Amino acid sequence: MKPEVIRVPSGEARLAEKLSRHRAFWNREESRSLLRSVGVFAASMPVHLPQRDGTVITQAERLTPDMVDPGEMIAEVERWLDGSSDPHLLSHWQAVASFGLGDLLPFSQPFFKIPWIEAMLGCPITMTEGQIWVERHPGGAQAVIRRGANLDHDPWLELYSEFLRQLRGRLQDRFPVTANTLLRGPCDLVAAVLGVREACVGWVDQPDEMARLMRVCTDANLAVIEAGNALLEPYAAGPEEGGYLSGWGIWAPGLVVRTQADHSTLLSPGMYERQILPFDLEVIRAAPHCIFHLHNPGLHVAPALIEVDELDVIEVVVDPY
């Protein structure tokens with residue numbers, strides 16, 4: 001059975017009530033600030049890339065931006081909305097558009113399966129049986145440092161921006177657009193560029209080079225955040241005076257950034273505070289509001305994050321293993 005599509009027109013009183021509760025969430029009010037939602041996030045569900053000639057891509061030794069067509073992917077969402085029962089279309093709901101279940105609002109985002117900033121930095125992206133992966137940068141740290149974070153005319157950034165433009169034009173009324181998608185934080189980008197094992201050794205043996213690489217990864221992150229925010233429009237005027245959707249269906253009273261530090265699970269709290277947190281702070285401060293993603297094995301860095309005044313929310317994925 002197809003799940004109900006929840007659409008809340010901006011003029012409805014129930015939307016104002018939802019937004020009021022979301023504002024209470026950000027203000028940490030004692031009452032009405034707990035948001036509840038129950039759903040299934042199938043992160044490992046395979047996806048396909050529809051093409052204009054009717055074919056689909058599920059395998060690619062090297063995934064390139066021209067293989068990803070925002071218009072065709074949004075068209076699949078629209079066909080599902082129009083009543084199609086094709087089960088293959090469902091995989092795009094959690095990768096492009098999400099239902100507003102419980103207290104959350106529906107939202108849409110640039111394709112969540114692409115490791116966007118890794119691709120912009122030059123890491124090869126592959127696709128195997130509907131799963132998209134990032135590989136280590138062939139030139140290593142020095143190649144990334146030499147290139148720097150200049151993303152002007154980068155085809156992956158142009159694709160990300162085109163997603164935002166088309167989502168805003170075609171789905172905004174049903175699924176408000178967020179720029180929050182899979183934008184990994186600086187230390188996760190370093191681990192992608194070097195490989196996890198090499199990065200762990202680098203923090204100990206080559207702190208100066210790691211700092212230079214973190215500088216580039218942070219600047220790339222900030223550039224993508226700025227480009228995305230420039231293409232957004234406030235959602236829901238009226239008593240709440242606009243606002244923006246986060247990548248979790250939580251409305252924020254201002255621009256909101258999503259970042260993460262999954263790689264911190266392999267580092268000590270002291271190493272995280274000395275070598276990574278200063279760069280994470282720049283990303284956190286890139287918007288008035290921030291949601292910081294961790295996994296439960298990384299909660300040892302949470303005490304340092306809690307001390308950051310500008311950080312609003314720590315979101316934790318509890319890994320069953």
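Since this is a predicted model, take the numbers as computed values, not measurements. The analysis underlying the following values was restricted to heavy atoms, covering all of them including side chains, and did not include hydrogens, waters or symmetry mates.
Both L164 and Y244 are members of a single hydrophobic cluster when ILVMFWY side chains are connected at heavy-atom separations under 4.5 Å. Follow the hydrophobic side-chain contacts under 4.5 Å out from V68 and you reach V96 in the same cluster.
A donor-acceptor distance shorter than 3.5 angstrom exists from the side chain of T178 to the backbone of L245, with no hydrogens or angles considered. A donor-acceptor pair under 3.5 Å is absent between the side-chain atoms of S108 and the main chain of L171, judged by distance alone. A donor-acceptor pair is defined here as one N or O able to donate and one able to accept, closer than 3.5 Å; such a pair exists between the side chain of Q51 and the backbone of M67. Using modelled atom types, one side-chain atom of Q172 and one backbone atom of V177 make a donor-acceptor pair closer than 3.5 Å. A distance-only check finds no donor-acceptor pair linking the side chain of T128 to the backbone of Q131 [under 3.5 Å]. Here the side chain of S33 pairs no donor or acceptor atom with the backbone of E30 at under 3.5 angstrom. Under a 3.5 Å cut-off, the side chain of S37 and the backbone N or O of L101 do form a donor-acceptor pair. Between the side chain of N27 and the backbone N or O of E29, no donor-acceptor pair lies under 3.5 Å.
When all heavy atoms of M120 and W156 are compared, the closest pair comes out as CG-CB, 3.7 Å. Of all non-hydrogen atoms in P297 and H300, the two that sit nearest each other are O-ND1, 3.3 Å. In plain terms, the two heavy atoms of W251 and L105 that are nearest each other are CB-CD1, 3.8 Å. In plain terms, the two heavy atoms of A286 and L222 that are nearest each other are CB-CD2, 3.8 Å. Listed here is the closest heavy atom pair of P115 and I132: CD-CG2, 3.9 Å. Of all the heavy atoms in I125 and V134, the pair that sits closest is CD1-CG2, 3.8 Å.
Put simply, the side chain of V224 does not reach to within 4.5 Å of the side chain of N221, judged on heavy atoms. Within the 4.5 Å cutoff, side-chain heavy atoms of L63 are placed close to those of L49. With a 4.5 Å cut-off on side-chain heavy atoms, L194 and L213 count as touching. In this structure the side chain of H295 never reaches within 4.5 angstrom of the side chain of V316, judged on heavy atoms. Residues T58 and E129 fail the side-chain proximity criterion, which asks for heavy atoms closer than 4.5 Å. No side-chain heavy atom of I276 sits under 4.5 Å from any side-chain heavy atom of P186.
Counting heavy atoms of neighbouring residues, nucleotides and ligands inside a 6.0 Å radius, atom CD of Q59 exceeds 12 of them. In this structure, R136 places its CZ atom where only 12 or fewer heavy-atom neighbours from other residues, nucleotides or ligands lie under 6.0 Å away.
To the nearest 0.5 angstrom, L255 atom CG is 4.5 Å from N229 atom CG. W116 contributes atom CH2, which lies 7.0 Å from atom OG1 of T181 (distance to the nearest 0.5 angstrom). Atom CG of D188 and atom CD of Q260 lie 4.5 Å apart (nearest 0.5 Å).
Looking at R258 and E315, no side-chain N of the basic residue comes within less than 4.0 Å of a carboxylate O on the acidic one, giving no salt bridge. Between E282 and R215, at least one side-chain nitrogen of the basic residue sits less than 4.0 Å from a carboxylate oxygen of the acidic one, meeting the salt-bridge criterion. Between D103 and K18, none of the side-chain N atoms (NZ, or NE/NH1/NH2) sits under 4.0 Å from a carboxylate O, so this pair counts as no salt bridge. Salt-bridge formation is not detected for the pair R212/D208: no Lys NZ or Arg NE/NH1/NH2 atom is positioned less than 4.0 Å from an Asp or Glu carboxylate oxygen.
Here W203 pairs with H263 under the side chain to side chain donor-acceptor pair (under 3.5 Å) rule; sequence neighbours left out.
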Verdict with supporting geometry, R170 and Q166, side-chain hydrogen bond (donor to acceptor under 3.5 Å, both in side chains): CA-CA 6 Å; R170 296 169 64 176; Q166 292 205 33; 3.2 Å; yes

Where do R184 and D262 land on the salt bridge (Lys or Arg N to Asp or Glu O under 4.0 Å) test, with the steps shown first? CA-CA 9 Å; R184 293 191 171 103; D262 286 358; 5.4 Å; no

Before you tell me yes or no, could you show the steps for N180 and Q109 under side-chain hydrogen bond (donor to acceptor under 3.5 Å, both in side chains), namely the whole-Å CA-CA distance, both residues' side-chain angles and the distance that decides it to 0.1 Å? CA-CA 7 Å; N180 294 176; Q109 61 188 161; over 6 Å; no

Assess whether side-chain hydrogen bond (donor to acceptor under 3.5 Å, both in side chains) is satisfied between S20 and R32, documenting all intermediate values. CA-CA 9 Å; S20 175; R32 302 174 62 252; 3.0 Å; yes

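Residue pairs meeting the salt bridge (charged side-chain N to carboxylate O under 4.0 Å, His left out) criterion with at least one member in residues 150-167, sequence neighbours excluded, are R147-D154, E162-R165.
Using bins of under 30°, 30° to 60° and over 60° for the plane-to-plane angle, the ring pair F99/F175 lands in the tilted bin.
Apart from V196 itself, the hydrophobic cluster it occupies contains L266, where clustering links Ile, Leu, Val, Met, Phe, Trp and Tyr at side-chain heavy-atom distances under 4.5 Å.
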